[in-house]
Structures are given as C-alpha cells and as structure tokens.
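First up is the structure itself, then whatever we jot down about it.
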There are 2 protein chains.
Amino acid sequence: MSTAKPLYEQLARLGKAVASPARLELLDLLCQGPRTVESLAQEAGLSIANTSQHLRVLHGARLVEGEKSGLFVTYRLADPSVCSFFQTLRALGEQRLAEVDAILRQFREAPETLEPVEKDALLDRIQKGEVILLDVRPAEEYRAAHLPFAVSAPLKDLDSLLATLRRRKPIVAYCRGPYCVLAKEAVRLLRARGFRAVRLEDGVPEWRAQGLPVVVGEGSK
Amino acid sequence: MSTAKPLYEQLARLGKAVASPARLELLDLLCQGPRTVESLAQEAGLSIANTSQHLRVLHGARLVEGEKSGLFVTYRLADPSVCSFFQTLRALGEQRLAEVDAILRQFREAPETLEPVEKDALLDRIQKGEVILLDVRPAEEYRAAHLPFAVSAPLKDLDSLLATLRRRKPIVAYCRGPYCVLAKEAVRLLRARGFRAVRLEDGVPEWRAQGLPVVVGEGSK
DNA sequence: GAAATAATCAAGTATTCTATTGACTAGTCA
DNA sequence: TGACTAGTCAATAGAATACTTGATTATTTC
C-alpha cells in the first residue's frame with residue numbers, strides 16, 4: 001500500500017521549526033527584513049548562542065538563510081512565502097485561539113488605531129501630502145523596506161524629529177504590524193506633544209501581502 | 001516596552017500541534033471528513049491510546065473537535081480553515097523542502113496522472129456524462145463529501161464494480177489528494193482490465209480550496 | 001445487573017528539545 | 001603579529017514528548 005509516511009515526517013520538520021515561541025519571534029523579526037544574529041538576539045531578548053541555535057533549526061527547515069560578510073552573519077527569510085506562511089499561522093491563531101484574540105483586542109480596541117474603513121481614504125491623502133506617514137521602526141528595518149511616502153522616524157529618535165513636523169498636519173504612524181507596540185507608543189507620544197496622530201495597524205508584511213508596493217532602500221528622509 | 005511574548009507562546013501551540021508526523025497524518029485524514037478514533041487509528045497505523053492522545057493534543061490547539069455519540073467519539077476539524085492551513089503547510093513543504101518535492105515527483109511523474117491543462121476540459125466532459133468520475137476512497141469519506149457527479153467506487157470494491165462499467169467510456173479516478181496512492185492503484189487496476197483511465201490529482205480538500213462546490217451525503221450511486 | 005466495547009486516563013521509560021556555559025573559528029583592525 | 005569581535009560548536013542538565021501497558025469510565029446489549 002506504499003504509505004506516504006515519509007511525507008508527514010518532512011512536513012513535521014516545518015512544524016517543529018514553528019513549535020517554539022523564540023523561533024516564531026525570530027521569524028517575525030525576519031519578516032521585517034534581514035538582520036544579523038546579534039541584532040536578532042538583542043531584539044528578541046535571547047542570548048547570542050541560543051539565537052544562533054534557533055536560527056540553525058530554522059535553517060534546517062529551510063525557512064531562513066544566512067550569509068557571512070565580514071564579521072557578521074546576516075540572516076534573511078529563505079523565500080517570501082515563509083512570511084506568508086507566518087501570517088497564515090497567525091491568522092489561524094487569531095481565528096482558533098481565544099487567547100490570541102484577547103491579546104489582539106488590546107491593540108485593536110486602543111482608540112488611536114485606525115479603522116479599516118478610514119484606511120483607504122487616509123492613504124489617499126498621504127499620497128497627496130495632506131497627511132504624514134511615519135515609519136517608527138528602527139532605521140535598519142525602514143531601509144530593508146517601507147511603505148510608499150513613509151518617512152523614517154524611529155521611536156527612539158522621534159522626540160528630536162518632532163521639531164521638524166508641522167503641528168497641524170495629521171500624522172499616521174505604523175510599525176511592524178498588528179502585534180507591534182512601537183506605533184502605539186509613538187501615537188501616545190505624538191498626542192502628548194499636541195499632534196493629531198493615529199496608528200495604522202498594517203506593517204510592511206501585511207501591506208505586501210495585500211499586493212501593494214513597498215519601497216526598498218533609503219527612500220524619502 | 002510591553003513585549004508581545006505571550007503571543008508567540010500561543011502561536012507555538014499551533015506549531016507544536018503540527019510538529020509530529022502522526023498528528024499531521026491525522027489532520028490530513030480529518031480533512032477528508034469526520035472519523036471515529038478507532039477508524040483514524042487503523043488508517044494511520046497507530047494504537048488506539050496513542051491516537052487518542054494525539055487527538056487530545058490537536059484538540060488542545062483548537063484544531064479538532066470530538067463529539068461522543070453512543071460508544072463512539074467522532075472527531076472533525078474544528079473549522080474549514082484548519083484544512084486550508086494544512087494545505088498551506090504542505091505547499092510550503094513542496095516549495096522549500098527538496099525531500100517533499102522528490103516524494104511528490106513520484107506521483108506527478110506517473111504517466112497516468114492528468115495534466116492540469118487537460119483538467120478543465122475533462123471535467124467539462126464529466127458534467128456532460130461523456131466521462132465517468134470515480135471516487136475510490138472508502139465509502140465513509142465519499143459520504144462526508146465528494147466531487148459533483150462522482151460515483152463512489154472504493155478501491156476495495158472496485159473489482160466487483162467493474163462489471164457495471166462500460167468499457168469504452170473514459171474514466172477519471174480521484175482519491176484524497178496529490179499525496180494519496182488510492183487513485184494510482186485504481187488506475188493501474190482499471191488499465192489492467194482494459195479500461196481507459198487517468199488519475200485526477202485533486203481531492204475534495206483541493207477542490208474545495210479552489211472554491212468549487214462539493215456534494216455532501218449519498219449522492220449518485 | 002453482567003458482559004462487552006470505545007475511548008480516555010495514568011504511569012513509566014526512552015527519546016528529544018531547550019538554554020546555558022565555555023571553548024573554538026574566522027575575520028578585522030591596530 | 002596580537003588583540004578583538006561575531007558567530008558557531010560541544011557538552012550538559014533539566015524539561016517536555018512519544019509510545020506502551022494496564023486500569024478506568026461511559027455506554028450499549030443481553
């Protein structure tokens with residue numbers, strides 16, 4: 001009857017790769033763009049050795065690839081489909097796990113989040129320059145890819161950037177995606193300083209998944 | 001900075017659920033329709049207790065649900081999206097793991113497999129009755145859902161059914177999907193008996209995933 | 001009520017996975 | 001050359017998993 005057992009064993013390799021919270025976080029970070037081991041470790045709060053080993057597991061499942069240049073090894077997703085897969089997993093979690101839904105609700109309920117309804121209209125206004133779109137992720141991730149017309153404004157440097165912003169112009173801030181706190185923080189800060197600011201829930205991966213274009217490199221500054 | 005760590009922990013529940021070959025096989029079977037523990041155990045070649053425990057893990061990840069009626073507990077996918085997720089995982093495997101691709105090639109290369117190009121035309125002819133569409137899975141799965149116009153012809157009973165078939169009419173056989181051997185066997189048998197038969201790679205889940213309608217219940221016999 | 005059956009539970013062992021530690025390799029820069 | 005750095009490797013202890021076996025819980029049937 002020649003069973004297809006070996007197939008399930010292979011697919012389980014992928015399952016095992018995404019069976020650890022630490023690896024999921026690393027994958028999520030890599031969805032934002034390539035990064036060095038050290039940078040990943042720091043962002044995820046893991047030791048270097050531990051991070052290296054998790055990356056090695058992900059590599060064993062062919063989900064990421066690393067390339068050494070100089071002292072650093074830069075890891076990146078082996079394929080854009082890996083990012084889609086992560087998003088599918090996340091969507092399944094949202095749908096099936098009440099716990100995920102509860103965590104997400106904390107984000108969505110926040111009053112500063114943009115309603116999907118308003119999204120289209122606002123993005124149109126961004127294009128016309130009537131609204132400012134801020135990318136509040138670290139500059140590294142902005143460089144890897146960002147939304148069209150977005151200005152890089154890392155949360156850390158936001159305070160010093162405020163001086164250059166016109167106080168009347170409405171601001172839309174985004175970060176890594178629906179699970180990320182950076183944009184929430186940014187909106188809080190901006191509002192405290194008297195700006196009109198809202199949060200865009202989408203990050204670059206979500207934007208890309210909708211088939212919309214992203215900009216790679218320095219872009220507008 | 002209120003990290004989103006708990007989120008990754010939750011998503012890892014899903015990852016762990018699909019980190020075992022046995023559980024993947026059970027999921028795959030459940031994509032064909034609801035089944036009892038005993039029936040799943042037998043099909044997957046696992047002990048009853050082991051199967052029960054794996055199902056319990058899947059239930060813990062909210063991927064399946066069990067319902068007791070009489071002596072039997074019938075398990076089913078908790079949601080159709082679980083089946084889509086399994087297919088996404090499988091697609092990622094096909095794309096990223098050379099080993100999966102190698103296994104699949106054995107199926108696709110088989111000369112009796114229908115080319116995707118011919119598929120549309122042939123299905124049109126099935127609808128017109130010019131071609132016979134055979135569902136060679138166990139009757140239980142046919143009952144759970146089958147393709148329109150398909151006739152139930154479990155591989156085990158195929159031999160006795162041949163008498164009722166007209167030898168000139170071309171036959172298309174399908175089973176659980178691209179990984180399943182049933183239709184391959186059926187085509188081999190049919191050809192040995194002098195019939196013109198080809199294999200349709202799609203199963204009910206693939207058909208459904210393409211947004212096409214399926215028939216639930218007895219259907220044509 | 002007693003026997004039979006489907007499934008689950010509980011316990012035990014072998015295996016695998018995780019995170020840490022310290023050693024090691026390779027590349028850089030003075 | 002020698003000091004320094006990023007990352008990997010190797011070994012380890014502890015935690016989690018897998019599968020088996022035998023007992024237990026419901027439910028049906030006689």
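Keep in mind that the numbers below use all heavy atoms, side chains included, and drop hydrogens, waters and symmetry copies. So you know, we letter chains A, B, ... as the sequences are listed, proteins then strands, and number each from 1.
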Mark yes or no for whether A:R199, through its side chain, and A:Y174, through its backbone, hold a donor-acceptor pair below 3.5 Å. no
Within the structure shown, what part of the strands sits under 4.0 Å from A:T51 by heavy-atom distance: base, sugar-phosphate, or nothing? nothing
Tell me the interatomic distance from A:K68, atom NZ, to D:dC9, atom P, rounded to whole angstroms. 10 Å
What's the CG-C1' distance between B:L71 and C:dA3, to the nearest Å? 13 Å
Quick one: label A:A49 by what it contacts on the DNA or RNA (base, sugar-phosphate, nothing), any heavy atom closer than 4.0 Å. base
Assign B:S20 to base, sugar-phosphate, or nothing according to its heavy-atom contacts below 4.0 angstrom with the strands shown. sugar-phosphate
Length of the line joining B:I48:CD1 and D:dA23:P, which is rounded to integer Å: 18 Å
CG of B:L40 versus P of C:dT8: gap in Å, rounded? 10 Å
Does the distance from a Lys or Arg side-chain N to an Asp or Glu carboxylate O, for A:R143 and A:E140, drop under 4.0 Å? no
A:E38 CD to D:dT5 C1', straight-line distance once rounded to whole Å: 9 Å
Determine, for B:E65 against B:R76, whether the closest basic-nitrogen to carboxylate-oxygen distance falls under 4.0 angstrom. no
Among C:dA6, C:dT8, D:dG7, the one nearest B:S52 by side-chain distance: C:dT8
Let's test your reading of the model: under 3.5 Å, does the base of C:dA7 pair with the side chain of B:Q53 as donor and acceptor? no
5'-most by nearest nucleotide on DNA chain C - A:L46 or B:V73: B:V73
Is the distance from OP1 or OP2 of D:dA18 to the nearest side-chain N or O of B:R23 less than 4.0 Å? yes
Under 4.0 Å, heavy atoms only, any strand: does A:A22 hit a base, just the sugar-phosphate, or nothing? nothing
Rounded distance (Å) that lies between atom C1' of D:dT17 and atom CG of B:L55: 16 Å
Side-chain N or O of A:S47 versus OP1/OP2 of C:dT20: is the shortest distance under 4.0 Å? yes
Phosphate oxygens OP1/OP2 of C:dA6: is one of them under 4.0 Å from a side-chain N or O of B:Y75? no
A:E206 bridged to A:R90 by N-O distance under 4.0 Å: yes
Got a sec, which residues hit side-chain contact (heavy atoms from CB on, under 4.5 Å) with A:L212, two or more places apart in sequence or on another chain? A:W207, A:Q210
Just how far, in rounded Å, is P of D:dT8 from NE2 of A:H54? 13 Å
Please state how far atom CZ in A:R56 lies from atom C1' in D:dA10, giving the value in whole angstrom units. 12 Å
